[in-house]
> 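To start, I am sharing the structure in question, which I have written as structure tokens.
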Amino acid sequence: MTDQQQSPGVDDLPEQMRVRREKRARLLAEGTEPYPVQLPRTHSLRQVREAYPDLAPDATTGDVVAVAGRVLFVRNSGKLCFTTLREGDGTELQVMLSRDKVGEEALAAWKADVDLGDHVFIRGEVITSRRGELSILADEWRMAAKALRPLPVSHKPLAEETRVRQRYVDLIMRGQARDMVRSRAGVVRSLRESFHQRGFLEVETPMLQTMHGGATARPFVTHSNAFDIDLYLRIAPELYLKRCVVGGIEKVFEINRNFRNEGSDSTHSPEFAMLEFYEAYATYDTNAVMTRELVQEAAESVFGTQVVTLHDGTEYDLSGEWTTLSMYESLSEALGEEATPETPVELLRKHAQRVGAELDPKLGHGKLIEELWEHLVSGQLHAPTFVRDFPVETSPLTRQHRSIPGVAEKWDLYIRGFELATGYSELVDPVVERERLTEQARLGAAGDDEAMQLDEDFLRALEYGMPPSGGVGMGIDRLLMAMTGLGMRETILFPLVKPE
RNA sequence: GGGGCGUUAGCUCAAUUGGUAGAGCUGCGGACUUUUAAUCCGUAGGUUCUGGGUUCGAGCCCCAGGCGCCCUACCA
């Protein structure tokens with residue numbers, strides 16, 4: 001009664017939710033706690049399974065255990081009830097409640113009070129059923145937590161939107177959703193271990209930044225009331241990690257969130273997890289090797305193999321050395337005509353027309369090269385491939401190539417057709433960096449809202465001397481995509497969705 | 001951003017040409033001491049996403065909007 005007063009509209013609820021609320025109220029009225037604070041559990045379901053791996057059918061053990069889990073299936077008959085419980089790691093265990101053992105009253109209460117989805121506590125003997133199913137024959141049961149909402153049907157796939165909006169339900173219903181959480185945690189853990197083995201230090205740099213830089217992307221803007229200034233949610237940690245290297249943290253990494261105020265699809269999310277690492281005296285050659293090792297070690301650690309099995313059942317080989325391509329050479333090959341850093345913009349536009357790429361006429365040489373390359377080459381790349389030596393003008397934080405003019409020491413790592421990581425020999429000359437950032441600021445003033453701002457403090461740091469260094473950025477969500485074949489919204493536990 | 005498709009019971013989905021909105025599972029009532037998505041009998045469950053319009057009559061046609069998905073463009 002009081003419940004109905006406390007939650008007005010209870011009569012308007014769908015029947016199944018109303019019934020469950022009434023059961024909760026009845027339990028309380030009978031003096032039974034539907035949400036007890038503690039239960040004398042002695043074993044996890046997994047522990048029971050592991051302790052009795054191969055009992056014969058119809059066996060008894062004399063061993064009494066107390067367990068708890070969520071009710072997934074109920075098979076009630078007159079005097080003997082079966083239920084299947086599941087706990088957090090996905091382990092399932094059958095429970096049998098017989099009138100002879102648990103008593104008529106408790107059995108009736110079981111049938112009257114328990115719904116699919118409830119958490120229950122069971123104490124009883126470990127046995128096997130006649131069919132050989134490992135079971136607990138209850139001599140006592142208690143409600144552990146009453147569920148007020150019905151679970152979706154277990155043998156039909158949940159609508160994708162519901163899976164994303166109500167990930168908790170997805171996690172209850174779908175083992176693959178739980179697997180992803182564990183795989184992701186394993187990958188992140190493996191990355192950290194790989195870094196620690198190599199003597200890298202993990203740092204956390206600002207997510208709220210006063211300057212917009214470190215990548216070319218549109219930022220989210222927010223406001224600090226206390227400081228009365230607008231702040232940017234970071235699009236990259238790069239400029240702060242470089243400050244670390246200047247300061248003598250010569251092997252440094254960060255795994256954290258970036259925010260980009262841009263579109264979202266199966267390979268893009270407004271907030272995404274990013275790994276960046278910087279190493280003094282490394283180059284884009286050595287950090288490519290390390291990037292490959294990080295990925296291979298993560299695959300080995302989480303899946304036990306470098307040949308991972310994707311969602312669709314196909315295998316994907318991450319092992320061994322990876323292919324390396326030159327951007328200009330591979331583009332020249334695809335065009336059938338040589339493209340170099342000297343190729344004039346007009347000619348590149350003609351190429352674009354010829355191959356059917358619709359490109360913004362305002363694009364300069366560097367952007368045209370990258371767009372043409374993406375149009376003609378990137379889609380062909382299935383096996384892991386490092387694409388090297390990008391146009392200088394689109395790589396404002398990258399060192400000029402040591403011998404090839406007009407080209408930057410930068411690679412992008414492509415896996416299954418999408419970009420997984422990027423690596424540079426870092427530009428550390430503060431004078432050249434000032435020129436590049438001044439040009440970026442000019443682009444910004446001209447309306448390019450992806451252009452970086454001129455970060456005087458970053459330049460000041462470089463002026464104190466940054467050792468020659470290599471740096472890498474890798475998307476964690478995309479790494480999971482690469483190793484599972486799933487879309488980005490499956491690798492992110494709670495991706496951004498518009499309010500219902 | 002542009003185009004297409006979808007939105008119906010707790011869940012997954014039907015509904016012919018515009019003519020009483022159905023099924024399976026779930027729920028509720030009953031039977032059943034070895035089930036595995038238990039089975040059997042009975043039964044309930046709807047603001048058809050929202051707002052407007054056309055029509056004797058709209059889940060269906062028209063207009064506007066919300067949310068989602070696909071294609072397309074862009075960023076990692």
Side-chain angles (χ1 to χ4, degrees), chain A residues 12-20 22-23 57-58 72-84 92-102 107 111-112 115-117 127-135 137 147-166 169 173 214-219 235-236 258-276 357-360 363 367 370-371 374-375 378 412-415 418-422 448-450 473-479 481 487-489 497-500:
Chain A
D12 299 333
L13 289 173
E15 181 192 21
Q16 300 189 43
M17 288 171 62
R18 204 188 65 235
V19 165
R20 286 160 184 259
E22 286 165 1
K23 288 181 180 178
D58 217 6
L72 282 185
F73 301 105
V74 173
R75 300 174 290 278
N76 289 346
S77 70
K79 302 184 183 71
L80 179 65
C81 298
F82 295 86
T83 188
T84 303
E92 296 179 3
L93 190 63
Q94 177 167 278
V95 169
M96 297 164 63
L97 300 98
S98 80
R99 190 186 62 173
D100 292 347
K101 196 76 182 174
V102 81
L107 191 67
K111 291 187 205 175
D115 292 301
L116 293 178
I127 62 161
T128 53
S129 70
R130 279 182 203 160
R131 295 271 182 97
E133 180 83 24
L134 184 65
S135 307
L137 180 59
L148 296 186
R149 287 176 183 269
L151 292 176
V153 291
S154 55
H155 48 280
K156 289 277 187 181
L158 197 55
E160 204 215 315
E161 184 179 355
T162 311
R163 288 188 3 216
V164 171
R165 281 192 191 277
Q166 295 175 245
V169 176
M173 300 310 296
T216 50
R218 277 179 293 169
I235 57 170
N258 287 350
F259 306 87
R260 297 190 184 177
N261 204 343
E262 292 168 349
S264 79
D265 55 33
S266 65
T267 57
H268 296 85
S269 170
E271 60 175 315
F272 60 102
M274 187 78 171
L275 158 70
E276 286 202 14
E358 285 177 34
L359 301 179
D360 187 334
L363 295 183
K367 262 292 185 192
E370 288 188 17
E371 295 284 344
E374 276 170 34
H375 185 80
S378 69
D412 273 0
L413 170 60
Y414 277 78
I415 287 199
F418 61 83
E419 191 184 335
L420 174 64
T422 186
D448 182 349
D449 47 16
E450 293 184 353
M474 179 159 65
I476 301 292
D477 319 284
R478 288 192 169 186
L479 180 54
M481 290 167 59
M488 185 171 272
R489 280 159 70 89
V497 283
K498 285 199 191 181
E500 287 169 85

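The chains referred to below are lettered A, B, ... by the order of the sequence lines, with proteins before strands, and numbering in each begins at 1.
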> In this structure, are over 12 heavy atoms from other groups packed under 6.0 Å from A:K111 atom NZ?
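Check passes, neighbour count above 12.
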
> How many angstroms lie between CG in A:D449 and CZ in A:R218, if you round to the nearest 0.5 Å?
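Spacing of CG (A:D449) from CZ (A:R218) equals 5.5 Å.
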
> Tell me, for nucleotides 29-37 of chain B in 5' to 3' order, what letter each nucleotide earns: B for a base near a protein heavy atom under 4.0 Å, S for only sugar-phosphate near one, - for neither?
---BBBBBB

> Measure the spacing between OG1 of A:T422 and CD of A:E276 and express it to the nearest 0.5 Å.
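So the gap between those two atoms works out to 9.5 Å.
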
> Any base atoms under 4.0 Å from A:S269, or only sugar-phosphate, or nothing? Heavy atoms, all strands.
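Here A:S269 touches the bases of the nucleic acid.
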
> So, taking the atom named CZ in A:F418 and the one named OG in A:S266, what distance separates them when rounded to the nearest 0.5 Å?
9.0 Å

> Which heavy atom of A:A215 sits nearest to which heavy atom of A:R260, and what is that distance?
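Of all heavy-atom pairs spanning A:A215 and A:R260, the closest is CB-NH2, 3.6 Å.
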
> When you compare B:rA64 with B:rG24, how far apart are their P atoms, in angstrom units rounded to a whole number?
40 Å

> Using a 4.0 Å heavy-atom cut-off to protein, can you give one letter per nucleotide of nucleotides 3-14 of chain B, 5' to 3': B if the base is in contact, S if only the sugar-phosphate is, - if neither?
-------BBS--

> When all nucleic acid strands are considered with a 4.0 Å heavy-atom cut-off, which category describes A:R20: base, sugar-phosphate, or nothing?
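Result for A:R20 = nothing.
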
> For B:rC13 and B:rG46, measure between their C1' atoms and round to the nearest Å.
15 Å

> Which protein N or O atoms sit under 3.5 Å from an N or O of nucleotides 73-75 of chain B?
from: B:rC74; atom 1: N4; to: A:D265; atom 2: OD2; distance (Å): 3.1
from: B:rC75; atom 1: OP1; to: A:K367; atom 2: NZ; distance (Å): 3.2
from: B:rC75; atom 1: OP1; to: A:E371; atom 2: OE2; distance (Å): 3.1
from: B:rC75; atom 1: O2'; to: A:E262; atom 2: OE1; distance (Å): 2.5
from: B:rC75; atom 1: O2; to: A:E262; atom 2: OE1; distance (Å): 3.0
from: B:rC75; atom 1: N4; to: A:D265; atom 2: OD2; distance (Å): 2.7
from: B:rC75; atom 1: N4; to: A:H268; atom 2: ND1; distance (Å): 2.4
from: B:rC75; atom 1: N4; to: A:H268; atom 2: NE2; distance (Å): 3.3

> What is the distance from CG of A:L116 to C1' of B:rA38, rounded to the nearest Å?
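Rounded to whole Å, this separation is 13 Å.
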
> Between the side chain of A:T128 and the main-chain N/O of A:D58, is any donor-acceptor distance below 3.5 Å?
yes

> Could you tell me whether A:R165 contacts a base, only the sugar-phosphate backbone, or nothing, with contacts defined as non-hydrogen atoms closer than 4.0 Å?
sugar-phosphate

> Pairing check on B:rC67: which nucleotide meets the Watson-Crick or G-U wobble criteria with it, both distances under 3.5 Å?
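The base-pairing partner of B:rC67, which may sit in any strand shown, is B:rG6.
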
> Minimum heavy-atom separation for A:R130 to A:P57, with atom names?
O-CB, 3.5 Å

> Could you tell me which nucleotide pairs with B:rA58 by Watson-Crick or G-U wobble geometry, both distances under 3.5 Å, or answer none if nothing does?
none

> Working to the nearest 0.5 angstrom, can you tell me the gap between A:N261 CG and A:E271 CD?
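Answer rounded to 0.5 Å: 12.0 Å.
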
> How close or far is atom C1' of B:rU26 from atom CZ of A:R149, stated in whole angstroms?
15 Å

> With rounding to the closest Å, how many angstrom separate the P atoms on B:rA15 and B:rC49?
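Straight-line distance between the two P atoms is 15 Å.
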
> Given the P atoms of B:rA23 and B:rG52, what is the spacing between them in whole Å?
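Each nucleotide's P atom is 31 Å from the other's.
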
> What integer number of Å spans the P atoms of B:rU50 and B:rG66?
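After rounding to an integer number of Å, I get 15 Å for this pair.
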
> So A:F272, base contact, sugar-phosphate only, or nothing? Heavy-atom distance under 4.0 Å.
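It contacts base atoms.
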
> Quick check: are there more than 12 heavy atoms from other residues, nucleotides or ligands sitting under 6.0 Å from CZ of A:R75?
yes

> If you measure from the P atom in B:rC25 to the same atom in B:rU39, how many Å do you get, rounded?
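7 Å, rounded to whole Å.
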
> Within the side chain of A:S269, is there an N or O that forms a donor-acceptor pair under 3.5 Å with the backbone of A:F272?
no

> Say whether, by atom type as modelled, one donor and one acceptor occur between the side chain of A:N258 and the main chain of A:I235 under 3.5 angstrom.
yes

> Please compare A:V497 and A:Y414 by the position of their nearest nucleotide in RNA chain B and report the one closer to 5'.
A:V497

> Looking only at atom P, what distance separates B:rC5 and B:rU48, rounded to whole Å?
23 Å

> Given the rule in the side chain to side chain donor-acceptor pair (under 3.5 Å) test, do A:Q94 and A:S135 qualify, once you have shown the distances and angles that lead to the verdict?
CA-CA 5 Å; A:Q94 177 167 278; A:S135 307; 3.0 Å; yes

> Distance check, P atoms only: B:rU72 and B:rG53, in whole angstrom units.
40 Å

> With a 3.5 Å limit on both atom pairs, tell me what B:rG27 is paired to, counting Watson-Crick and G-U wobble, or say none.
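Check on B:rG27: paired to B:rU43, both distances under 3.5 Å.
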
> Looking only at heavy atoms, which two atoms of A:E371 and A:L363 are closest? And how far apart?
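So the minimum-distance heavy-atom pair works out to CG-CD1, 3.9 Å.
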
